[in-house]
Amino acid sequence: MSTYYDENELDDNVRFDGNVIKRLFETLAPHKKTMIGSMIAIILVSLLDAYFTLINKRIIDEGIIAGDKTALVRLFTLYGAIVLVQAVAVFFFIYLIGLQGEKVRYDLRKRLFNHLQQLSLAYFSKTPLGWIMSRVTSDTEKMADLLTWGLIDSTYALVNIITASAFMLSINWQLALIVIASLPVMLFVAFKFRTRIYYHYRQSRKANSKMTANLNENITGVRVVKALRREDRNLENFKVLSTDMYRSSYRAAYLSALFQPTIQTISALSLALVMWRGGLSVQNQAITIGGLQAFISYIMMILWPVQDLARVYADMQNAVASSERVFSLIDTQPGIRDREQTLPFTSLSGDIEFDDVSFHYKEDEPVIKHLSFHVNHGETVALVGPTGGGKTTIVNLLCRFYEPTEGTIRIGGTDYLNFSLQNIQSRIGVVLQTPHLFSGTIRENIRYGKLDATDEEIEAAAKLAGAHNFIVNFEHGYDQNVGEGGNLLSVGQKQLISIARAILANPDIFVMDEATSSVDTLTEALIQQGMERLMEGRTSFIIAHRLSTIKHADKILVIRDGQIAEQGNHQSLMRLRGHYYRLYTQQFRHELESQLDPYQQVSEGFEES
Amino acid sequence: MQNKKNAYPELDRQKITSNKNGLVTLWHLLSGYHGHYALSAIMLAISAASRTGMYLFLGYFVDQIIGQGKFGTELLQGAATFMGLIMLQALSGFLSNKLAAQTAESSTRRLRDLLFDHIQRLSFAYHSEVKTGDLLERASSDVDTIRRFIADQAIGVARIIVIFIINFTAIFQLNQRLALISIIIVPVILVISIFFFRKLSKAYEAYQEQEAVLSTNLQENLSGVRVVKAFARQSYEIKKFDQNNYEKYLRGKRLNLMHALFWPISDTICAAQMIASNFLAATMVIDGIITLGNFITFSGLLGWLIWPIRNLGRLIVDTSRALVSLNRVVEVLRVPEEPLFEGSYLPASGTVHGDISFEHVTFEYEKGHPVLEDVSFDAKAGQVIALLGSTGSGKTSLVNLLPRFYDITSGSIRLDGVDLREYPRSFLRSQIGIVEQEPFLFSCSIRDNITYGVNREVTQAEIEETAREAAIHDVILSFKDGYDTLVGERGVTLSGGQKQRVAIARTLLLNPRILIMDDSTSSVDMETEVQIREALQRLMKDRTTFIIAHRIQSIMNADLILVFDEGKIVQSGQHEDLIDQPGIYHSIFEIQTRIESALQEEIDSVHLL
């Protein structure tokens, strides 16, 4: 799922932005030691790899051709010693660079995560979750790969090419020039190939995510597919997508298959030239047989570093694009921050006042227009009105998830911008419409409200919330696992736990978005009861859907089009026979009808009225 | 149009699923491409042989050309032969990889299509049990694992084996003693490599698991951002993420250490073999047992034989993984499809009339747990049948029987006097329209969604007319792209009521004789509710309609009301009959009528205050 957004947003042409590359390499700064260590090790490995060929030359010339067995022993011993040295170097370069890779990944993820915690709600509501996920998971991976294996491979390749060239020059410079002249051609072809392969590979990834999305939809909508007998046409549609996938994936595979043989063919030309010219040189004794053999080995080996360089080049495009996205996230400033000077941490019990507050997400599209109202300490306010009228925004403003674009919100007479965010948000308890729990146990979830709470406090809160009874009925009681996102619990149970969590936090102000989804009558009653406990003695804002909540509120605000259409208590608003009257009667019918379930006590549905 | 070009040999599901042996299954999977694959293997052998030939020729070149001082045309010919051998190797290598890629891409594309089609033709019972994510995983990542196995790993194993055989034979021809001594290390390396890659595979899984944990952590944090902010728990979240992040770092470090140890150790072991054999060969040259050319040939062949063995362990582990994936795919393919065309009866007129009778119908998902028990009733064509009852009372199960999403356990259902099981499912479904409570729309344009069920060209005029009837035309025009507006993530999000009306339009266009609908308008405002109600009335006209009822208004005019309790019909008749009987229907009606009076009381009470 996390790769979803990833594939579709990739540009086909990545620019190399110098600044991005600089910042990318700056992430290595804390790991200088491992970096230098692994670099030294890899350079040694690369040098020795080229040197082996030279020893082989000497084995042929000084040992075999000379018929000198002691020289042979000496040379093979040298060979063995170098093998051991190289093995140690290999250990170090793998160990150090791997370590560095893990560290860079760890750092980047940490940096991103910590930054994400500072961003305001506005950012999360306009950025798809999958997009953010991809930044933290796959992009950091690509960056780390370039900063480790990309660096190592290209260093190895460069050192290897240079050393081999130097050794060849030292053996016979005319022949060496033939090989060196072929290098740019090989490199050019390799880079071209890699770029094309990479392009098709990316296309195939895109095609793949389209194909998977199509399959996903077909499975989730299988009932409709079956009912409407769409099987044949859907298969046809799918085949178009799977053919796209086939084409690009095959194209990439085809080019990959052609890649190495092409480079090999180029090298065959220089090899043939070297053998011919080299053979003649043996005649003039300008080169030994061992030397000629060394040349042949070098030419056959040099294919690899050339291909490595091309691969790193392609990966680098990828990694730079990833870095650009990651840095853009890191550069995003939180829209809502503490003011330079904040008041000392304080309780937020006091009157709440919205004074001519306006708010918009986008210019020209005001969501809240010149809203003013006053709530006394300890009062319960019910916000009612149509969806999209601005109820949720008012609550978000109060929690300072957003700040007013105009006007002032005062708590206890002080402009709330003077408090720290931490102060406001820790003193306001929120219960959401769709309760969100974290994986872990019930206990951990309730403790989220107060991290140092004792087990007794947790139980007390659960009891107050009316959650205790169902919790102890679980096999593991409070240590029952709630599953990912609390999925193992019912909506009603999640709601009760989130109420317990809010009770434990003991906030000064309580905000609740009532659930519209129906829960069974018993749970419903428990939730109602829990809410009432929470509202006791606190200023409460409820986005209300239930009649009983609305009726018991001290103040009802009917919000329409970002304004207060009507305000007052139940009686006064009913008398108006306006918006509230209509909303109330509709809800009244609806609520009773939803209790049409004939298997519940019929009388129960009437208790409210 | 595209079809001809994309035609491919059919894949036989029977064959694939009939054998328990994974390799046999794999063989059937490649049917139609066996020739390609065999040719790929032959090319592979040619490629390997020409490389062996190249080393052999190098020996000849040193001994017979340079050694004999033939620096004229022989030298030139020698160089040309050498080049020719490399080019032959390159060409056959390319062909081998290309053919393997073709086999892999073509056969997996075909497998994907087969899976897609198979999945959508699996029974409802299967779909309600299996998790979407699991199916998706099998159809995408498991298929990809199989693809990689065919393209790379199987070919890789073959390459190592072919290289070993050819090179060993060549060395054996040179000198038997040398050949036997030179492969002492092979079993050792093989064992170490298998042992290592098994361990590595486990460590890698642990690493991946932690990656999943980290992703879940991140995802929960992001989706619960409001809770995090509401409780001001940023630093707690940072700490939690850091723990998981650090654990991943530790596991990565462990994985890395394994790599850092394996490669230098195996390097050293292989190098020891190389040194020993080469030393022996070199002394044999000096002792005149073999020639210098033989030595050069031997040295080249041996190096090429030894080093790849190290990768065999990885390939073996990969193979066992691929077989697991293959098995997971075959498992899905083994599930029998729902036969869409089985059944002999088709009415002469081409459509059904719509008389439906249930006779002692019992239905159970699980043996011994009937969800419908002894249900009998008659519905005449064009009648409206209302189904009433609590959740789980059997209403939905009953309507699922009509399009034969499930088949009954005992009793019989007759449509126009003919047993339902004699109608092919496909025909039956063409006669039945379904409007669900939360209709599923596909992420294509609104136009395509409306015409989703009909297998013919539909004019824009007809679509618009239908949309008007479904009271959705004006809504569609209010979107910027009108009928071309995409539904879902990449387009507009439709409200529940809008979706329902699109589904009504979809069904209107289908023009079925029998209609199944879920009468729920819970989440829409009053005005929309009236529109939907009117649209539904138009839809129901002249069709046998089954309504899953949630409210009394839509039931009052029904020709037959069936009240369900625990899978049985407890009351049946028309409104007038049932209203006077004591029982559930009466109670429900009571609630409904009392709602209005209660509401009036409520309103009056306000005025009295």
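Only this structure's heavy atoms are used, side chains among them; waters, hydrogens and symmetry mates stay out. Residue numbering restarts at 1 for every chain, and letters A, B, ... go by the order of the sequence lines.
- Ranking A:V430, A:L72, A:D68, A:V282 against chain B, the residue ahead of the rest is A:L72, based on heavy-atom pairs under 4.5 Å.
- In this structure the side chain of B:L340 never reaches within 4.5 angstrom of the side chain of A:R229, judged on heavy atoms.
- No side-chain heavy atom of B:P264 sits less than 4.5 Å from a side-chain heavy atom of A:V88.
- Checked by atom type, the side-chain pair A:N234/B:Y452 shows a donor-acceptor distance below 3.5 Å.
- Chain B forms the most heavy-atom pairs under 4.5 Å with one residue out of A:K103, A:Q86, A:R233, and that residue is A:R233.
- Side chains of B:R112 and A:S242: a donor-acceptor N/O pair is absent below 3.5 angstrom, by distance only.
- Under the side chain to side chain contact (heavy atoms under 4.5 Å, CB included) criterion, B:V227 pairs with A:L432, A:H436, A:F438, A:Y448, A:R501, B:F231, sequence neighbours left out.
- Annotation: cation-pi geometry not satisfied between B:R226 and A:F401 (NZ/CZ under 6.0 angstrom from ring centroid, within 45° of ring axis).
- Between the side chains of A:N114 and B:Q234, no donor N or O sits under 3.5 Å from an acceptor N or O.
- Of all the heavy atoms in A:F76 and B:A282, the pair that sits closest is CE1-CB, 4.2 Å.
- Checked against the 6.0 Å centroid threshold, A:Y254 and B:F94 count as a close aromatic pair.
- Both the backbone and the side chain of A:Q422 come within contact range of chain B, with heavy atoms under 4.5 Å apart.
- Using a 4.5 Å heavy-atom cutoff, the side chains of B:R233 and A:L451 are in contact.
- Contact of the A:V83 side chain with the B:D267 side chain is not registered, since no non-hydrogen atoms from C-beta on lie closer than 4.5 Å.
- Side-chain contact between A:K69 and B:F279 is absent, with no heavy-atom pair separated by less than 4.5 Å.
- Both the backbone and the side chain of B:S106 come within less than 4.5 Å of a heavy atom in chain A.
- Residues B:I66 and A:Q283 have side chains not in contact (no heavy-atom distance under 4.5 Å, counting atoms from C-beta outward).
- Put simply, the side chain of B:F124 reaches to within 4.5 Å of the side chain of A:R223, judged on heavy atoms.
- If you tally non-hydrogen atom pairs under 4.5 Å between each of A:L269, A:V511, A:L96 and chain B, the highest count goes to A:L269.
- Looking only at side-chain heavy atoms (C-beta outward), B:R429 and A:L228 stay at 4.5 Å or farther from each other.
- Between B:Y246 and A:Y106, the ring planes lie perpendicular to each other; the angle is over 60°, past the 30° to 60° tilted range.
- In terms of heavy-atom pairs under 4.5 angstrom with chain B, the leader among A:Y246, A:W276, A:F124, A:F113 is A:F113.
- Most heavy-atom pairs under 4.5 Å with chain B, from the set A:K226, A:K110, A:R105: that is A:K226.
- Listed here is the closest heavy atom pair of B:M83 and A:A268: CG-O, 3.7 Å.
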